[in-house]
Structures are given as C-alpha cells and as structure tokens.
*Asks:* 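Shown below is the structure under consideration.
Because the structure is a prediction, the values reported are computed rather than measured. Lettering follows sequence order; numbering is per chain, from 1.
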Number of protein chains: 2
Amino acid sequence: MKFNPLLEGITIYEAGKPIELVVREYGIAANDVVKLASNENPFGTSQAVVDAIKDVAHLMYRYPDDSSYELKEKLAHHYGVESRNIIIGSGSDQVIEFCVRAKVSKGDKVLMAGTTFAMYEIYSHHVGATVLRTTSREHNLDEFRAIYQENPDIAIIFLCLPNNPLGECLGRDKVYNFLAEISPETLVVVDGAYQEYAAYKDPSKKIEPADLIARFPNAIYLGTFSKAYGLGGMRVGYGIATREVIEPLYKLRPPFNITTLSLRAAIVALDDQEFVAMSVAHNFREMSRYEAFAHAHGWRTIESYTNFITMLIDGRSSKKLAEALMKRGVIVRDLTSYGLNALRITIGTSEQNDRFFEVMNELVK
Amino acid sequence: MKFNPLLEGITIYEAGKPIELVVREYGIAANDVVKLASNENPFGTSQAVVDAIKDVAHLMYRYPDDSSYELKEKLAHHYGVESRNIIIGSGSDQVIEFCVRAKVSKGDKVLMAGTTFAMYEIYSHHVGATVLRTTSREHNLDEFRAIYQENPDIAIIFLCLPNNPLGECLGRDKVYNFLAEISPETLVVVDGAYQEYAAYKDPSKKIEPADLIARFPNAIYLGTFSKAYGLGGMRVGYGIATREVIEPLYKLRPPFNITTLSLRAAIVALDDQEFVAMSVAHNFREMSRYEAFAHAHGWRTIESYTNFITMLIDGRSSKKLAEALMKRGVIVRDLTSYGLNALRITIGTSEQNDRFFEVMNELVK
C-alpha cells in the first residue's frame, strides 16, 4: 500500500528508556533502578496532587471538560493573561505540533538551534518543512539573525529557553532585542518547559508570557506540568499567545486531548507552589555536586538552567558509559544520537545522586 | 499572521457538554445532573481499575513506558494477534488521525456513511481531503460500492461498526463481501469502538481483528477503552493491522501519547471482563425501556447495537427538547448539527433512566 511520501523522511523519537525496560532486559529489581534520563521531578508528584487524584479516581469513566475551563482560569490568573489566550496540550509537545501544522506547509522553512529539542524537527518533517539550524549547538542569536536575514520567509523560529538537551539559556533582554527584528509574519515559539528552573537560578532569564505576547504578538510561550510540577506522566502542557495565534491552533486540537485525571492533577499542582519551589531549590544545590564531579574528571559541563546537566565526556565513549551505567541500574541519556559524546543526567534526589556517583566512580576509576 | 490555508475549512468538534458546564450555566448541583450525552459507561470504572490507579497515583511524575509493552502484550493475547500488529492511541480518535495523515494527501478522497463519527471528516479536512458520503445516513454498502466504482482512487473508506451517532451495525458477512471488492491500495478503517455491545446483541455483527486483517491486509481495526471498559476520561484506544499498515502510523505517533495512569488503567481494565460483560448485558435490558418510551410517543428509534439510542423526534424540535432537558439537569446529545431532528441518548443506570423518563414525561405530556 502506498502512504504519504512525507513519511519517508521521518525518524521516530527515541524516548528515554523506562524503568520497566531495564527491569525486563537486565533483570534488575525495579526498586534498584535509578532513572536520571527523562528530566522527571525526582521528588515525584506533590502529595496534594496524589491525594486529589485518589479522590477522583472513580471518575475515569467520564470524559474531561473539553473546554479545560478551570485549568485555563487558573493558568490565566497565575500568568496574568486571559483564559482565551491559552490552549491546553497533551504535553507542550502537542502545542508544538499544533504550531507546526497550523503555520507550516510543505517546503516552508523553520529555524532552530544546532542542538535542541528533537520534536521541533520531527513535527516539522511531518509536514515536509525544510529545517534550518545554526552551526552552533547552543542558541547563538547572531547566527539566528544571519540565517533569518537570508531567509526572511521563515515560518517558525524555535527558541528553547532554557535549551533541552544542553541546558543553556539566553537572557530575556537578548531575546527581546532579537524578537524586535523578526517579521510579524514569522511565528516565534518560546519553549519555556524549564523556565521555573531558569527563573530561580537567574531572574534575568525569566520570560513572563504576559509581557512576551504584549510586546510580540507573533510569539507563543509554551509551558508544561511535566518538569517542576512533577507530572511528566500526565501529559499536560499549554501555549499562551494572542488570540490571532491561539485560534488557528484550536482548529487542530483533537477533542479530549488531556485525560480527566490529568486535568485535575494540573489544577491541583498549580496551587502547590511550595512543592515547585522546594523542587527547584533542591535541584540547584545538588547540581553543584555534578559540576564538581565532572570537573574532577576533567570533563566539561554546560552551564545549566534546567533540572539536568550535560556532561561532555572526554577520553571515552558516552554511549558505552551509558550502557555500563544501565547494566548497573542507573539510566541516563546518552547524546550520541545528537552527535555529541555527552551524557544528559537528570538531577535526582540526594540519594539517587549518591548512587550515580558511586557507580560512576567504579566505572571511571 | 498568515496560517495554513487548509485551516480555513475546518470546523471544531462539538463535544458533549460536561457536567461542570451545566453546573456553571444553570446552577444545578453536580449531584443532580444526569449525563446521558457522551456514551460513557454509566457504571463508571471497574473497582479493580480504580483500586489499581490509587496504588500507582504517586507515579504521575514518571513518563509512561513509551513502548506500551505490557498493554500491547495483553491486547495481543486478548485478540489473538501479535504485539507488533498493534498501535496505541490517545483514544481510537488518535489512531483515526494517524490513518488520515499517513494515507491521505491534499485532494485525495475519503468515503464514509452519510451520518457517522464526526472526527473522520474533521481529520480529513485537516489534510485537505475531499470527503465523499453516501446519500443514506446509515451505512448502505450498495451506495459505498457505487461511489467506490466511480472513484477507485479513494484513499480511505471508513466503516463505523456499529455506527456512532446512529447506532446501526452492518453484519460481518456483508462487510467481508464488500471488502473483497476493494483494492489493496485503499485503506479500510473498521471502527469497532462499540463492538463489545454489537457482539453481545448479535454475534453475526462481531468482527474479530485477527480474522479481519488476515483476510484483508488493507484493513485496520480500531478499538477503545472509552466505552464498555469504562475509561472514557483516560484516552486509550488502539489500532490492529498488518505491519505494512501499522508501521507508517508509528511514524506519526507522538512520544508518550497516553498517560502513565491511562496505561495502567487499560492494562487492569482488560483483565476485568466481568465488568464489561455486566455493563453490556445491563445496557440492552435498559435500552428496551427507551424503545418502549419512544414508540409510546410515536417516535421512531434506530435499532441500536451500542450503548446509546437515537430517537427521531417527531412534531417538536429536538434542539429545544435537549435544552429543556438540560435546564432540568438531564444532558443528552441533540443531533441537529448532523441535520437530524433527533436525540442521541446514552443508556444510563436504571436510576438515571428513571430520571430521564420522569423529566421527559413532564416535558412532552
């Protein structure tokens, strides 16, 4: 059977290996596995959210409120925007997909950093877009500018602030200066999946969606409940933009795109800011241990504004190192598929990090 | 800002009104609202599933096993197919979307019944397809044949067995005879969202996915946990097809397309066949009350093989009737937007149905 020729160029996203797989493949007990591969919140989910979900678990038979009324009202209040400026996605991933499909047709161009979130490219390939990247792996706005000047018809520019899987983050002022040079016809996706972390470490990196979209009506801010809010498994993200940008996205939103329990979880999670603050503060205390460890081994790290750290491994294969770690029950993300001899390691709890250093010390001694 | 011109023709799916909306708009206490609008299982979710979800609620922070290994193994066993013949979707809706995007390009044709599940057309419009429909509202294979013979280049034929929102169901033998005439280049989507109901009422309507795809490698069977399994809010559906058909769909599947709790819920739900059997048997006992009610008022019903019944209202507006019901806390689905003066009513628990008849009797006396 013939299929859409656009499918030929599509690669399938490689997800971080789940604990179940390591248990199956290596015969390690689930409790002994430490997963530092998917940037999940190591403190799990806020107890308030867990309790709330137990209370409504019997409502799984019921379709969610497809308008996400309460969640949008809460997000609107949290960010100082209007409810009608918000769209909810099954993870911010899905909002990325809406943006690409709403704005990009076959042959159109999109622009992104040399190494950035894989789904920008994958969704762009779904629609047959031409993907332009900077030569620099990290976001380099001078290169973005140069490419944009040569290709003023670019449909979407992706800015991942901070950047996954590298961890670096552009400052707000630089971003705003750049956006001021971009045509109102180009959609700029500001992916803030890790903004809670960046804003804590350095307030000059913080992007306020209300401010962003008031200044730049062609920008959309993306946020997620998957990281600081501890709901990676519940698939809730959102986009915030002017009505002009949000409305076309609604045309592509499938009905009931998040689950009844996800909706409840996000609503309750947004109220537990204490949990978020605790998670973020702990993250950076523990991150300094990783920096010290890497530097002691002569490895560079990229200054990180997220809940993970990218270690540029020198003198041995990051792929083999990741495999050796996995056989010992420690899952990290090898970045070989991004063309980097590096490991991306999620900052865990103090105990998980202890375990990582213990196993790593055995492997690299 | 300019967007993809394909968006211009897209209408947004109108979901059944959630209880929360009726509470907000009409000031009716949530406990007094009876929702018979979205074909949810009136018995809710199996207790075994509710218990299982409470046990794993603390794992919401963790991304799901993106391979859905255990669920696919269980489904494979349940249906006598191989795990690699299965793809999991966020509801079977999402598998419909994968099929359309994998197979249909702008200007291609798709064929469906005169009145059938709205998402077939909506997803087809997303890619700029031309939608062909039979003149008959219900599935009429002679008309499908005639249109197909005139348009042998049709990319997808949708068969909704049984049909939502009308309730009728073609027999297996007739479907197989029809499929034997279809080119191997045309994808046939056999949507079995309500098959558990049809198979119980009349085994000659039952379609076995293993049998279907062995005979017709160009067919895909869709199933869901949203109806008989009582998990409408958890968004888990699946497609079963040959590898030739399944593989292209995987290229369009976003990572983590169902939630961690949804995955667990579906796995446990599949084991509780007693709950399914009880739900289905009760459904048809209660459905006869609706038939009697309609006929007593001189209204036709469509013979239904699902968990809802379509009542063709005569002598008054179905829209006004649905609104009057809603103001009294009874939510049903008006089919005016499908061009029918009819109500689609989900068969509820005995008590919910009592309430429906009570309010209806007040309104139409």
*Asks:* Any side-chain to backbone donor/acceptor pair from A/Lys103 onto B/Lys2? Under 3.5 Å, distance only.
*Replies:* yes
*Asks:* Is A/Leu187 in contact with chain B via its backbone, its side chain, both, or neither, using a 4.5 Å heavy-atom distance?
*Replies:* both
*Asks:* Could you tell me if the side chain of A/Leu261 sits less than 4.5 Å from the side chain of B/Ile53, heavy atoms only?
*Replies:* yes
*Asks:* Do any N or O atoms from the side chain of A/Arg235 and from the backbone of B/Phe256 form a donor-acceptor pair under 3.5 angstrom?
*Replies:* yes
*Asks:* Side-chain contact test, heavy atoms from C-beta onward, threshold under 4.5 Å: evaluate it for A/Pro255 versus B/Asp93 and give yes or no.
*Replies:* yes
*Asks:* How close do A/Tyr123 and B/Pro254 get, counting heavy atoms only, and between which atoms?
*Replies:* OH-CB, 3.3 Å
*Asks:* Locate the shortest heavy-atom distance separating A/Tyr63 from B/Ser226; write the atom from each residue and the value.
*Replies:* OH-CB, 3.4 Å
*Asks:* With side chains defined as the heavy atoms from C-beta onward, is the minimum distance between B/Thr45 and A/Leu59 less than 4.5 Å?
*Replies:* no
*Asks:* With heavy-atom distances below 4.5 Å as the criterion, would you say the side chains of A/Asp65 and B/Arg24 are in contact?
*Replies:* yes
*Asks:* Has the side chain of B/His58 got a donor or acceptor atom that lies under 3.5 Å from a matching backbone atom of A/Ser46?
*Replies:* no
*Asks:* Heavy-atom cut-off 4.5 Å, strictly under: side chain, backbone, both or neither for B/Ala265 against chain A?
*Replies:* side chain
*Asks:* Between B/Glu97 and A/Arg101, is the closest basic N to carboxylate O distance under 4.0 Å?
*Replies:* yes
